[in-house]
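Below is one structure, written out as structure tokens; comments come after it.
Being a predicted model, the structure only gives us computed values, none of them experimental. Chain naming here is simple, since letters A, B, ... match the order of the sequence lines and numbering starts at 1 in each. Note: hydrogens, waters and symmetry copies are ignored here, and every other heavy atom, side chains too, is used.
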There are 2 protein chains.
Amino acid sequence: MTHSRTRGERRRHQTIQEILDHAVAVMDEVGVAGLSMSEVARRVGMRPPSLYKYVPSRLALFDLLFRDGQQANLEAFRAGAEGAPPGLNALAKALQASGRWALANQSLAKLLFSRPVPGFEPSAEAFAPSLEMVADVQQMLRDAVARGELRPEAAGPDGLTIVSILTTGVLSQQLSNEPDAAFDDGRYTRLAPRLFDMFTKYYEVT
Amino acid sequence: MTHSRTRGERRRHQTIQEILDHAVAVMDEVGVAGLSMSEVARRVGMRPPSLYKYVPSRLALFDLLFRDGQQANLEAFRAGAEGAPPGLNALAKALQASGRWALANQSLAKLLFSRPVPGFEPSAEAFAPSLEMVADVQQMLRDAVARGELRPEAAGPDGLTIVSILTTGVLSQQLSNEPDAAFDDGRYTRLAPRLFDMFTKYYEVT
DNA sequence: GTCTATAGCCTGATAGAC
DNA sequence: GTCTATCAGGCTATAGAC
């Protein structure tokens, strides 16, 4: 993706990554909408004006965070599916991996899944990984139908939407009410397999 | 609840209500976490110092908003159940009414269901209506079990948690991705009955 | 209860020297 | 690329006159 050639570019890319890491730490402390350029500059060891050489504005910083977050979440999702037989099994593992990522990256997850910053809309480029993930889910549902695990309507648009509702519901409850729990112990996240089971039974071939 | 006796107290209560109404309008425009005392003062036609005669701090303002929001949501929930046969039917109607309220009061809903303001924790008094609502849901599930509509485990703690996950999932997706839709047309909210059906079938008596 | 005035912060962003 | 200096404003909250 970002293959810097020169030393300068490589160094610059490194600095930007450092900025993003500190930005996440700030959001963890003061909330996503509380992120400030000055505080990030302080932590990264710069005066605020210097930060603007790397990130042109506060909203641009959010866009970088959004893009990296979506990309990381997509990679977690795909890594989760790896090696699993396609269809329901792959979907369950991928969704669980994505959920674990969200629990381990709560500020980024909030930035991606709710819209906590008024005036910020992600750019098309930053949003792209999300579309890839939706396409992956759809394909997994089609695989499940092809294998006879689900009825065809499960791979329709409503089936996809229901999957998104279930996963968002689990995560948003867990993040809001018990953010420090581990995924397997969380009052909400530990019910993820049960909800997946509910979905599966609802659409099982009769 | 708040029965003011004297003219002065009545007037004061009226002013506080006006403050809360304007505060909601501000949150609608700049986000929940963007609420500022100064902006509210401007809109209500006061200088900022005067506002502090009615609300002692910004966090106290959030607490008032939280309490009123919880109360209004509880009232919508109960009004929705009114007249319906107890059990599943009452639960479905109550949850739908609560969902409609959330869609019509998005800023308050975000304040109640997510935790968008770092440093704000609702007081026990402000949180009380939420506990009442949980108790109501639990009772409705028990009624449904008693009527033979659901297996006993549906009224256990996991059943209650699953109900909360389903409703939160629908609402959080709708509010984040398509906030301007009507409840019956929303890409997510219109699937609420289907999700309720999923829940019902999963716990139906075999 | 309302105001003026103000303390003491914070912010995002830019100009221009080095 | 970094800095100092600064603009132009915002904010929460309080003191004290009226």
Contact under 4.0 Å: [X] side-chain N or O vs [N] OP1/OP2:
X: A:Ser38; N: C:dG12; result: yes
X: A:Tyr54; N: D:dT2; result: yes
X: A:Ser50; N: D:dC3; result: yes

Exercise. Is a side-chain donor or acceptor of A:Thr189 paired with a backbone partner of A:Asp185 at a separation under 3.5 angstrom?
Worked result: no

Problem set entry | B:Thr168 (side chain) donor-acceptor with B:Ile165 (main chain) under 3.5 angstrom | no

What integer distance in Å separates [X]:[atom1] from [N]:[atom2]?
X: A:Glu39; N: C:dG12; atom1: CD; atom2: P; result: 10 Å
X: B:Arg47; N: D:dG10; atom1: CZ; atom2: P; result: 14 Å
X: B:Glu18; N: C:dT2; atom1: CD; atom2: P; result: 11 Å
X: B:Arg42; N: D:dG9; atom1: CZ; atom2: P; result: 13 Å
X: A:Leu59; N: C:dT11; atom1: CG; atom2: C1'; result: 14 Å
X: B:Tyr52; N: D:dG16; atom1: OH; atom2: C1'; result: 17 Å
X: A:Met46; N: D:dT2; atom1: CE; atom2: P; result: 5 Å
X: B:Lys53; N: D:dG16; atom1: NZ; atom2: P; result: 13 Å

Ignoring the backbone of [X], work out which of [options] is nearest its side chain.
X: B:Ser36; options: D:dT12, C:dA13, D:dA15; result: D:dT12
X: B:Pro49; options: C:dT4, C:dA15, C:dT2; result: C:dT4
X: B:Arg12; options: D:dC3, D:dA13, C:dG1; result: C:dG1

Seminar exercise, completed: For A:Glu149 and A:Pro86 the tightest heavy-atom approach is OE1-O, 4.5 Å

For this session: For ring pair (Phe, Tyr, Trp, His ring centres under 6.0 Å), just list the numbers for B:Phe62 and B:Phe66, CA-CA rounded to whole Å, side-chain angles, deciding distance to a tenth of an Å, and then say yes or no.
Result: CA-CA 6 Å; B:Phe62 278 118; B:Phe66 192 98; 10.0 Å; no

Seminar exercise, completed: Which of B:Asp143, B:Leu150, B:Val145 passes side chain to side chain contact (heavy atoms under 4.5 Å, CB included) with B:Leu88? Answer is B:Leu150

